[in-house]
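Have a look at the structure below, then the notes.
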Amino acid sequence: MAIPQNTRFLVAEDDHLTRGELVTNLRDLGFTGEVLEAENGRDAYSLFINQMIVGEKVGFIISDMVMPVFTGYDLLVQVRKDKAYQEIPFLMLTSKNDREAVLKSAKAKVSNYLIKPWNLQMLGEKLHGCWKKHHPN
């Protein structure tokens, strides 16, 4: 099953240039849904919860691992605490190719990792892999 083009994404990234690149890449990949942006995990979680409360479901989360205030790992743990959000694809973006961080995130049920720097094809493949993991049919 392909990712619906109108999927609402939440992008959490503290670097505004990288965040902008992700938004541009999502558009280049054909996604037309709203892209919510946050510069740290705490703001991302607040946005996420507020969207869910008003019925504007977030369908996919992309988060940097290392951010101030609340890390991507912290965001992942908060999202996964609620069983209702277990199946939302969560792609962790990081410049750390650290086995310990990967294992820690895997235990917290991250969908996949994307190592910086990336290209459009790599991002597309990771997004689709995450989606298939949570939507196998």
Side-chain angles (χ1 to χ4, degrees):
M1 170 188 259
I3 304 171
Q5 288 183 314
N6 65 346
T7 296
R8 177 178 285 112
F9 283 83
L10 172 59
V11 174
E13 167 62 63
D14 58 318
D15 181 79
H16 75 280
L17 294 174
T18 303
R19 195 170 59 247
E21 183 178 358
L22 281 166
V23 173
T24 299
N25 284 176
L26 290 171
R27 297 296 179 227
D28 291 344
L29 288 167
F31 295 108
T32 59
E34 184 177 10
V35 179
L36 305 167
E37 300 179 49
E39 47 185 57
N40 64 60
R42 183 179 62 200
D43 291 348
Y45 188 67
S46 292
L47 265 173
F48 175 78
I49 291 300
N50 289 336
Q51 290 294 299
M52 295 309 216
I53 288 171
V54 299
E56 299 290 331
K57 183 180 177 191
V58 172
F60 209 116
I61 300 170
I62 302 172
S63 179
D64 187 22
M65 172 64 91
V66 179
M67 294 182 287
V69 183
F70 207 73
T71 67
Y73 175 77
D74 296 330
L75 174 60
L76 173 65
V77 168
Q78 286 300 310
V79 168
R80 294 295 193 234
K81 274 185 182 180
D82 191 322
K83 288 186 182 190
Y85 308 140
Q86 295 286 317
E87 294 306 317
I88 295 173
F90 194 116
L91 180 62
M92 190 72 74
L93 181 65
T94 186
S95 55
K96 290 188 172 189
N97 194 358
D98 177 348
R99 179 174 157 74
E100 185 177 319
V102 170
L103 291 174
K104 184 177 173 182
S105 295
K107 286 180 183 177
K109 300 182 182 161
V110 74
S111 304
N112 211 332
Y113 253 94
L114 179 62
I115 307 297
K116 295 178 188 176
W118 72 89
N119 63 42
L120 191 61
Q121 180 181 347
M122 289 166 53
L123 176 61
E125 289 171 0
K126 292 289 185 171
L127 292 173
H128 287 283
C130 289
W131 187 263
K132 284 181 182 178
K133 181 175 184 177
H134 295 279
H135 303 90
N137 296 326

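Counting begins at 1 with the first residue of the sequence.
- Shown here for Val77 and Ala108, the closest heavy-atom pair between the two residues is CG2-CB, 4.2 Å.
- Connection of Leu103 to Met92 is not established within any shared hydrophobic cluster, with ILVMFWY side chains joined at heavy-atom distances below 4.5 Å, either directly or through further cluster members.
- Applying the side-chain contact (heavy atoms from CB on, under 4.5 Å) test to Leu29 and every residue at least two apart in sequence or in another chain returns Phe31, Leu120, Leu123, Leu127.
- In terms of the side-chain contact (heavy atoms from CB on, under 4.5 Å) criterion, residue partners of Glu100 (sequence neighbours excluded) are, by chain and number, Asp98.
- The closest side-chain heavy-atom distance from Asn40 to Asp14 is not below 4.5 Å.
- Not one N or O on the side chain of Thr7 forms a donor-acceptor pair closer than 3.5 Å with the backbone of Ile3.
- Between the side chain of Arg42 and the backbone N or O of Val69, no donor-acceptor pair lies under 3.5 Å.
- Here the shortest heavy-atom pairing between Ala44 and Leu10 reads O-CD2, 3.5 Å.
- Across all their heavy atoms, Val58 and Met52 have their closest contact at N-SD, 3.6 Å.
- Every residue meeting the salt bridge (charged side-chain N to carboxylate O under 4.0 Å, His left out) condition with Lys116, not counting sequence neighbours, appears here in chain and number order: Glu13, Asp64.
- Of all the heavy atoms in Tyr113 and Ala101, the pair that sits closest is OH-O, 3.1 Å.
- Of the inter-residue distances, the one linking Asn25 atom CG with Met122 atom CE reads 11.0 Å to the nearest 0.5 angstrom.
- Between Cys130 and Leu91, the closest heavy-atom pair is SG-CD1, 3.9 Å.
- For the pair Phe9/Ile62, a side-chain contact is recorded, criterion being any heavy-atom separation below 4.5 Å from C-beta on.
- Among residues two or more places apart in sequence or in another chain, the salt bridge (charged side-chain N to carboxylate O under 4.0 Å, His left out) test is passed with Glu37 by Arg19.
- Two residues are said to be in side-chain contact when any heavy atoms from C-beta on lie closer than 4.5 Å; Trp131 and Pro4 meet this criterion.
- Residues His134 and Ser111 are in side-chain contact: their nearest non-hydrogen atoms beyond the backbone lie under 4.5 Å apart.
- In this structure, the side chains of Ser95 and Ile115 stay at 4.5 Å or more apart for every pair of heavy atoms.
- Cluster membership for Leu114 and Leu17, using ILVMFWY side-chain heavy atoms within less than 4.5 angstrom, is not shared.
- In this structure, NZ in Lys83 is found 8.0 Å from CD in Gln86, a value given to the nearest 0.5 Å.
- Here the CG atom belonging to Asp15 is positioned 9.5 Å from the CD atom belonging to Glu21, to the nearest 0.5 angstrom.
- Judged by distance alone, with hydrogens and angles left aside, the side-chain atoms of Thr71 form no donor-acceptor pair with the main-chain N or O of Met67 at under 3.5 Å.
- Of all the heavy atoms in Lys126 and Asn112, the pair that sits closest is NZ-OD1, 3.5 Å.
- In this structure, CH2 in Trp118 is found 5.0 Å from CG in Leu93, a value given to the nearest 0.5 Å.
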- From CA spacing to verdict: side chain to side chain contact (heavy atoms under 4.5 Å, CB included), Lys81, Val79: CA-CA 6 Å; Lys81 274 185 182 180; Val79 168; over 6 Å; no

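- For residues 46-59, every residue pair satisfying the side-chain hydrogen bond (donor to acceptor under 3.5 Å, both in side chains) rule, not counting sequence neighbours, is listed here: Arg8-Glu56.
- Taken to the nearest 0.5 Å, the NE2 atom of His128 stands 13.0 Å off from the NE2 atom of His135.
- Legend: ring-ring contact (aromatic ring centres under 6.0 Å, His included) pairs involving residues 71-93, not counting sequence neighbours, sorted by first then second residue: Phe48-Tyr85.
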